[in-house]
There are 2 protein chains.
Amino acid sequence: MNLLDIGEVVERTGNSPSTLRYYEDIALISSAGRKGLRRQYEPDVLLQLALIALSKSAGFTLDEIAGMFGGKARPELPRAQLRHQAAKIDVQIRRLGELRDTLQHVADCPAPTHLDCKSFRRLLTASLKPGSKSA
Amino acid sequence: MNLLDIGEVVERTGNSPSTLRYYEDIALISSAGRKGLRRQYEPDVLLQLALIALSKSAGFTLDEIAGMFGGKARPELPRAQLRHQAAKIDVQIRRLGELRDTLQHVADCPAPTHLDCKSFRRLLTASLKPGSKSA
DNA sequence: TCTTGACCTCAAGTTGACTTGAATTCGTAG
DNA sequence: CTACGAATTCAAGTCAACTTGAGGTCAAGA
């Protein structure tokens, strides 16, 4: 059999054993069996964990991730929902672009306080609801 | 004076009063005074909060945000550090692009389980340390 | 004047994502 | 065969980022 010992999974993914157990508790991954007490995993778990890591770094909660990819035996993928998530990520990407530009700008701007800088203010003012009173 | 009542800040930023108080507790923002008991803020707080929201959505902790922008009176911005952060965000953007593509792909892919799909696997395998044993 | 609604303080509770600790059990190297 | 290292369970702890609750205070309108 070509199962992976938990130790190998730990080493290759960088997750700690307790994290793997935790993920199993919440049914994000599953182990294929035991050798003695030690969990053994199917090699695919490596990909699953990579996907989980990627999604986490994208700001998704484990619940959301489970919703996107959870349940190995999921018969019919919620394709529409996946596309929706992809679109949300696109929004996120644009937001990050904004933030990156903002940071770049703050780093380059000669204004003493960033709040004094015009284009910095412009970058941020978008997200605000207009006040009823004058600005 | 043109100070903003906390109620207005709440309405215009979407933060709850308790959040504003919390941010003040941890010195992320400051209030300019009180009217009766009610906190009053300088209008700039709106920009600060927009920046905080943006940064949070980018995955930064409040601590990190405080590190980047905290302390109104910060005399010398850590420009190098800001550029570094900007670069990190760029990495994050690329990662998100990957995830978006992955999701798109999974949504479009005819393979019954996403783990069965070749290009899906290829997208993920990058992040894994090579195993000493055969794959 | 009196009521009401939105704020106040302070402590404690919540959620997500794990980690830590104590007591235990394997499988392998010696 | 025995000791060791690494994994096991289960409960409890931790950290960030807030929210909630109890009890209190104000300022504006009927």
Side-chain angles (χ1 to χ4, degrees), chain A residues 1 3-42 45-46 48-70 85 129 131-133, chain B residues 1 3-42 45-46 48-70 131-133:
Chain A
M1 41 181 106
L3 296 181
L4 302 174
D5 186 86
I6 187 173
E8 185 149 13
V9 177
V10 163
E11 194 192 343
R12 290 179 64 182
T13 65
N15 293 303
S16 70
S18 63
T19 300
L20 297 178
R21 269 176 302 224
Y22 175 66
Y23 283 0
E24 189 171 336
D25 276 1
I26 64 175
L28 247 192
I29 63 174
S30 55
S31 50
R34 300 288 180 105
K35 171 139 91 188
L37 286 184
R38 304 165 80 95
R39 286 166 173 79
Q40 308 295 118
Y41 295 94
E42 290 177 20
V45 86
L46 296 178
Q48 290 179 31
L49 288 169
L51 186 52
I52 291 169
L54 188 58
S55 304
K56 277 203 336 172
S57 89
F60 291 98
T61 67
L62 298 184
D63 257 25
E64 288 168 331
I65 296 170
M68 291 192 281
F69 307 105
Q85 294 285 5
K129 281 189 176 39
S132 39
K133 280 259 164 192
Chain B
M1 38 182 108
L3 296 181
L4 300 174
D5 186 87
I6 187 174
E8 185 150 13
V9 176
V10 163
E11 194 193 341
R12 290 179 65 183
T13 66
N15 292 304
S16 70
S18 65
T19 300
L20 296 179
R21 274 182 300 251
Y22 175 65
Y23 284 179
E24 190 172 333
D25 276 0
I26 64 175
L28 203 47
I29 63 174
S30 55
S31 50
R34 299 289 180 103
K35 172 140 92 191
L37 287 184
R38 304 165 81 95
R39 285 166 174 80
Q40 309 295 120
Y41 295 95
E42 290 177 19
V45 86
L46 296 178
Q48 290 181 29
L49 289 168
L51 186 53
I52 291 169
L54 188 59
S55 304
K56 278 203 336 172
S57 88
F60 290 98
T61 66
L62 297 184
D63 257 24
E64 288 169 329
I65 296 169
M68 292 192 280
F69 306 107
S132 39
K133 280 255 161 196

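In what follows, chains carry the letters A, B, and so on, assigned in the order in which the sequence lines appear, proteins first and then strands, with residues in each chain numbered from 1. Values reported hereafter were calculated over all heavy atoms of this structure, with side chains retained and with hydrogens, waters and symmetry mates removed.
Rounded to an integer number of Å, the gap from CD1 of A:I26 to P of C:dT19 is 12 Å. As rounded to whole Å, 13 Å separates atom C1' of D:dA28 from atom CG of B:D5. If you take CD of B:E8 and C1' of C:dA6, they are 15 Å apart, rounded to a whole angstrom. The CD-P distance, from A:E64 to C:dG16, rounds to 11 Å in whole Å. When the C1' atom of D:dA7 is taken as reference, atom CG of A:N15 falls 16 Å away, rounded to whole Å. Straight-line distance from the CG atom of A:D25 to the C1' atom of C:dT19: 13 Å, rounded to whole Å. At whole-Å resolution of the value, CD in A:E24 and P in D:dT8 are 9 Å apart. If you take CG of B:L28 and P of D:dC18, they are 9 Å apart, rounded to a whole angstrom.
A donor-acceptor pair under 3.5 Å links the side-chain atoms of A:E64 to the main chain of A:T61, judged by distance alone.
Residue A:T61 is in sugar-phosphate contact alone, with no base atom involved, counting any heavy-atom pair closer than 4.0 Å across all strands shown. Among the atoms of the strands shown, only primed sugar atoms or phosphate atoms (P, OP1, OP2) are found under 4.0 Å from some heavy atom of B:I6. Within 4.0 Å of B:T19, counting heavy atoms only, lie sugar-phosphate atoms of the nucleic acid but no base atom. Residue contacts for A:R34: at a heavy-atom cut-off of 4.0 Å it reaches the sugar-phosphate backbone alone, with no base atom in range.
Separation of atoms CG (B:L62) and OH (B:Y22) is listed at 5.5 Å; rounding is to 0.5 Å. Residue B:T13 holds its OG1 atom at 10.0 Å from CG of B:L4, rounded to the nearest 0.5 Å. Atom CD of A:E8 sits about 11.5 Å away from atom CZ of A:R38, to the nearest 0.5 Å.
Each of A:K35 and A:R21 has a nearest nucleotide on DNA chain C; the 5'-most of these lies closest to A:R21. Comparing B:F60 and B:L37 along DNA chain D, the residue whose closest nucleotide (by nearest heavy atom) sits nearer the 5' end is B:F60. The nearest heavy atom of DNA chain D to B:D63 and to A:P17 marks one nucleotide each, and the one closer to the 5' end goes with A:P17.
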### Message
Using side-chain contact (heavy atoms from CB on, under 4.5 Å), reason through A:L20 and A:L49 one step at a time and then give a plain yes or no.
### Response
CA-CA 9 Å; A:L20 297 178; A:L49 288 169; 3.7 Å; yes
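Considering only side-chain N and O atoms, A:K56 lies under 4.0 angstrom from the phosphate OP1 or OP2 of C:dC18. For the pair A:R38 and D:dG5, the criterion of a side-chain N or O lying under 4.0 Å from OP1 or OP2 is not met. When the side-chain nitrogen and oxygen atoms of A:R39 are compared with OP1 and OP2 of D:dT9, one or more of them lie within a distance under 4.0 Å. The side chain of A:Y23 places no N or O atom within less than 4.0 Å of a non-bridging phosphate oxygen (OP1 or OP2) of C:dA17. Close to C:dT19, at under 4.0 Å from its OP1 or OP2, lies a side-chain N or O of A:S16.
Considering only the side chain of A:Y22, C:dA17 comes nearest among D:dT8, D:dT19, C:dA17.
Nearest heavy-atom pair, A:I65 versus A:I52, reported as atom, atom and distance to 0.1 Å: CD1-O, 3.8 Å.
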